[in-house]
Every structure is written in structure tokens, then in C-alpha cells.
Amino acid sequence: MMLRRKTASESAMSTLAVYPGTFDPITRGHVDVVSRAAAIFDHVVLAVAASERKDPAFSLEERVALANDVLAPIDNVSVVEFSGLLVDFVRSQGAHVVIRGLRAIGDFEYEVQLANLNRRMAPDVETVFIAASQEYAFLSSSMVREISSHGGDVSDFVDPPVADALARVYGPPRR
Ligand code: COA
């Protein structure tokens, strides 16, 4: 019997990737990373961690609802909450890929530690890093909350539903 190599399209598998975080709240930096991931993978699950230890400003339900609102235009992204170990959640979804965004060199050490820990617990789960756009390299959810809590305008950093949610918590921007 003649053996034949598979063509590239025959080898292509449907690939599901999980992009985890606390998303307290989701920022344009996160949207940048998830959009890039959605252009590479067949489907991306944005996994909103309960992260009780971080004592989030927005409830888990609010964080999921905001992410759903903001990501509605991207067809192949869904939003799911999780608690417990990330690798258990990834397996429960039938996924083998975790996406993490790298904003600056400062992210590297923590991210490699997390990736190695996760690999130790689940060797079948691979972490893929996506370089975040320079435009958002300085952004974090706590910075956005800080600016909003001091009456600053966050409309450059978050999408309108998130800006509205921040205004409900901290009051409308004063400058
Ligand atoms: N744009 C904007 N901000 C970004 C960003 C980006 N591209 N990438 C990261 N950030 C920000 C986040 O908003 C967050 O900001 P904040 O701390 O000011 O709120 C900060 O950078 C850290 O982000 P991240 O590293 O994603 O932390 P996280 O708390 O959001 O999520 C988990 C970390 C949920 C992935 C991790 O804790 C986890 O896997 N938890 C489950 C338990 C587990 O399995 N632990 C691992 C084994 S020890």
C-alpha cells in the first residue's frame, strides 16, 4: 500500500485557545490580544477568572457581561467564567492552548513562571504568547480603575460599555 503524506489543509485541526484573566474590567489592551488570537485560532474562549484573592472591583457576572458586550463583534470568541486551576478549566473545554499577552519585558518573568507551572501540571497544555500592541503596553485594569476613581477620562483605554460601568462605580469623568 502506498503511503501518502497529508497536505497542509488535511493536517489543519480545529484549534481552540483559552485566553484567561481577571478582566476587572476588560480594556482595549485585552481586546487587542484577543483579536490577534481570534485571527490565528478557530475559536478563542475568553476565560474570566473568579480571582477572589484579587478582590475585584466588578463582580464576576459584571466582568463576564462587559466582556460579552465588548467582544460581541468578534464571531469566534466566547466568554466563560471559571474558578479553580486554569489547567483544569482548559481541559474541561477540550483545549490545549493558553493565550497570554506580553506587554513589556516586565511581564516576561511572571509569564514564564506561570507557563512552566501550568506545563508541569498539564504537559499537554501549551502557552502561546502574543505581543500586545505598543499602543496599549502601559495599560492595566487597575490603572484604568485608578484613573476613573480620580475623575479621569478613560475613554481612550476602554470601550464605551466599560467606560459607562466605571462611571457608575466611580462617577462620571471630571476632566
Ligand atoms: N492589556 C491590558 N492589561 C493587561 C494586559 C493587556 N494585554 N495583559 C495583562 N494585563 C493586566 C491585567 O488587566 C491585570 O491588571 P491588574 O492587575 O491591574 O488588574 C494585570 O495585567 C495582570 O494580568 P494577568 O496576569 O492576566 O492577571 P490576572 O489576575 O488578570 O489573571 C490568571 C491571572 C487568572 C490567568 C491566573 O491567576 C490564573 O490562572 N488563575 C487560576 C489559578 C491558577 O491556575 N493559577 C496558576 C497556577 S499557580
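Counting starts at 1 for both ligands and their atoms, in listed order.
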Structural part of Tyr110 in contact with ligand 1, heavy atom criterion under 4.0 angstrom: side chain

Protein contact to atom 13 (O) of ligand 1 [nearest heavy atom, distance to 0.1 Å]: Ser141 OG, 2.8 Å

For atom 21 (O) of ligand 1, the protein heavy atom that lies nearest, with its residue and separation: Arg103 NH2, 3.1 Å

Location of contacts on Leu85 toward ligand 1, heavy atoms closer than 4.0 Å: both

Which segment of Arg100 sits under 4.0 Å of ligand 1 when only heavy atoms are counted: side chain

Quick one: side chains of residues 46-56, donor-acceptor pairs under 3.5 Å with protein atoms, not counting sequence neighbours, listed by atom name and distance.
{"from": "Ser51", "atom 1": "OG", "to": "Thr22", "atom 2": "OG1", "distance (Å)": "2.8"}

Identity and distance of the protein heavy atom lying nearest atom 34 (C) of ligand 1: Ala49 CB, 3.5 Å

Within-shell test, Phe89 vs ligand 1, heavy atom, strictly < 4.0 Å: no

Selected option - heavy-atom contact closest to atom 16 (P) of ligand 1, from Ser142, Pro56, Ala57, Ser83: Ser142

For Thr27, side-chain hydrogen bond (donor to acceptor under 3.5 Å, both in side chains) partners two or more places apart: His30

Nearest-contact summary for atom 27 (O) of ligand 1 - protein heavy atom, Å: Lys54 NZ, 3.9 Å

Heavy-atom nearest option to atom 39 (O) of ligand 1, drawn from Asn116, Leu86, Val87: Leu86

Side chain, backbone, both or neither: Thr27 near ligand 1, heavy atoms under 4.0 Å: side chain

Asp24 touching ligand 1 at heavy-atom level, < 4.0 angstrom: no

